[in-house]
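Worksheet: the structure to be examined is printed underneath.
Lettering follows sequence order; numbering is per chain, from 1. Note that the coordinates shown come from a computational prediction; the quantities given were computed from them, not determined experimentally.
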There are 2 protein chains.
Amino acid sequence: MSKTTSGPRVQPVRAQIQGTASFSKFMTVLQAIADEPTRLDFAKLTKILPYPRGTLYRIVTALLAEGLIAESLENGTYQLGHRLIQLASRSWETSDLRSIARDHIEALRDATGETVHLAVPSGNGMVYIDKLESPRTVRMTSRIGTRVELYSTSVGKAYLAGLPEEECRAIIEGMDLKPRTRNTITDADALYADIQKSRAQGYSYDNEENEADIRCFGGTIFDRSRRPVGAVSLSIPIYRYNKELAKAYVEKIQETVQAISDSMATIV
Amino acid sequence: MSKTTSGPRVQPVRAQIQGTASFSKFMTVLQAIADEPTRLDFAKLTKILPYPRGTLYRIVTALLAEGLIAESLENGTYQLGHRLIQLASRSWETSDLRSIARDHIEALRDATGETVHLAVPSGNGMVYIDKLESPRTVRMTSRIGTRVELYSTSVGKAYLAGLPEEECRAIIEGMDLKPRTRNTITDADALYADIQKSRAQGYSYDNEENEADIRCFGGTIFDRSRRPVGAVSLSIPIYRYNKELAKAYVEKIQETVQAISDSMATIV
DNA sequence: GGCATATTGTCCATATTATGGTCAATATGT
DNA sequence: ACATATTGACCATAATATGGACAATATGCC
């Protein structure tokens, strides 16, 4: 509701837990600065965020003081601060799932020679928390920390397929299915059918739905109680793709996610 | 004032800007979780933080909801969340200093064959924002995002040497000089003398003061107005160290930081 | 297994905090 | 140099966070 005039994608402030409304605002501002590819100055922030000047000014000042954002060299614009890098790098190193999965996805990369991603759900998307490049060094427009859509990626669809059916259905209903390529599934029913198929098959498939010229297979990682907690994907450039290879790769992914899920269950 | 009984190092909440007190508390809790090497459960958090249960519970719940922290596999304990990785991923690529410095420190690494760090001031220390390993793959206990002390590292001392004398002196007065190795300078006057020498020489030197068996040289990066904004260091294992080499390395560092400072001045 | 004790999660009146309109100072554009 | 836009500061008021108290649940002990 009530978006400002020219403002693009500003996520609505969610304030379920009472007593945290103010904090949500701070995070919304931080996220807005993180999301914007071009540097923002204060004027632009007032345009894309629904807060009055005084409020926003105070929030920005606090974020600066905490080191979460910093002033750029181009004066008057803001970028993320080093405090955030410090926190993120520690998060990266101490992540349970990532450390458990490391050996397994490395084996998968070595066995296939293709790029492997490890992703976890975050907000309304998936975030890559690890990536191993194909030794054949085909560039992909991903990096660790990238947030991708649930509906257009194999990791997203693998995660959805791992959820209880009603929960999955509910999430799909709430989605805004923006086409990312000409193959992106933009119809909710078609997507739901695709997820059902993924669940039945035991893997998900992205046929150039997120990025042109790249096909992916995905597998779901479950915790001990069979809640999906992440996903692994294998990305194959179409020119290297063929049916027999695909079949072998799918099996390897399934082994990989099974092994990761098992490790998680036994560790606790 | 009023710390809880057994609580160790909890940074005092600074609330200079009015209207941000609550946010400071949230950040203090997040930092406490980040700082503790062993996973914390709720009970331990109540012990090391000066907030009452209800308050802390609400803060932790909000941090969980925002994805800044997550529950570990060991039940009931918390770790940093993946949202942090997602937030920082863009900053990583857009950091001005890092992108400007990249080529220069790469050249330094290639010329010397030793490990190079790029650091910026953050809080009361320096944070590594880039690192290039020696091709000889000598392990070092550093990583990007690590925060190191001003007084025991070459990057820290290089930064201090770049500050105006009074400012430098004031910072040193406020320091708690904890020994990190047997060589760490723990006397404020001795440290000040060392910084003076560094300033005169045009480089800083860490003689196993931060880490045993590692010697470092550091150089200061200045912005256009000659404020120090960062530092570059070269780390040399003692068994590879010798006087002639050192002399050549120092010159190369000085060239490197000069080149980076020049680039920054021309770009803005 | 059952009682006692510790811990976790929830609620709500109150005190504290954030809010956002206003205004002065400064920067920007013409 | 003047007009206009933007920034930074203030403060009465409204909204929020606080933290004690209590219920529900888990844990330890005999």
Query raised in the report: Taking the inter-plane angle between the rings of B:His117 and B:Tyr128 on a 0 to 90° scale, is it parallel (under 30°), tilted (30 to 60°) or perpendicular (over 60°)?
Result: parallel
Exercise. Any idea how A:Phe42 and A:Tyr57 line up, ring-wise: parallel (<30°), tilted (30 to 60°), or perpendicular (>60°)?
Worked result: perpendicular
Quick one: do A:Arg169 and A:Glu173 make a salt bridge, cutoff under 4.0 Å?
yes
Next item on the list: Could you tell me whether A:Arg83 and A:Glu66 make a salt bridge, using a distance below 4.0 angstrom between a side-chain N and a carboxylate O?
Entry: yes
Taking 4.0 Å as the cut-off, does a side-chain nitrogen or oxygen of B:Ser22 come that near to OP1 or OP2 on C:dT17? no
Of the listed D:dG20, C:dT17, C:dG20, the closest approach to the B:Pro52 side chain comes from D:dG20
Whole Å only: how far is the [atom1] atom of [X] from the [atom2] atom of [N]?
| X | N | atom1 | atom2 | value |
| --- | --- | --- | --- | --- |
| A:Lys47 | D:dT6 | NZ | C1' | 10 Å |
| A:Leu49 | C:dG20 | CG | P | 13 Å |
| B:Lys44 | C:dT7 | NZ | C1' | 14 Å |
| B:Leu56 | C:dG9 | CG | P | 12 Å |
| B:Leu45 | C:dG9 | CG | C1' | 15 Å |
| A:Lys25 | C:dG20 | NZ | C1' | 11 Å |
| B:Arg58 | C:dT17 | CZ | P | 12 Å |

Tabulated below should be each protein N or O lying under 3.5 Å from an N or O of nucleotides 7-10 of chain D; please produce it.
from: D:dA9; atom 1: OP2; to: A:Tyr57; atom 2: OH; distance (Å): 3.0

Sorted by chain and residue number, the salt bridge (Lys or Arg N to Asp or Glu O under 4.0 Å) partners of B:Arg226 (sequence neighbours excluded) come out as none
Sorted by chain and residue number, the side chain to side chain contact (heavy atoms under 4.5 Å, CB included) partners of B:Arg102 (sequence neighbours excluded) come out as B:Arg98, B:Glu106, B:Asp130, B:Leu132
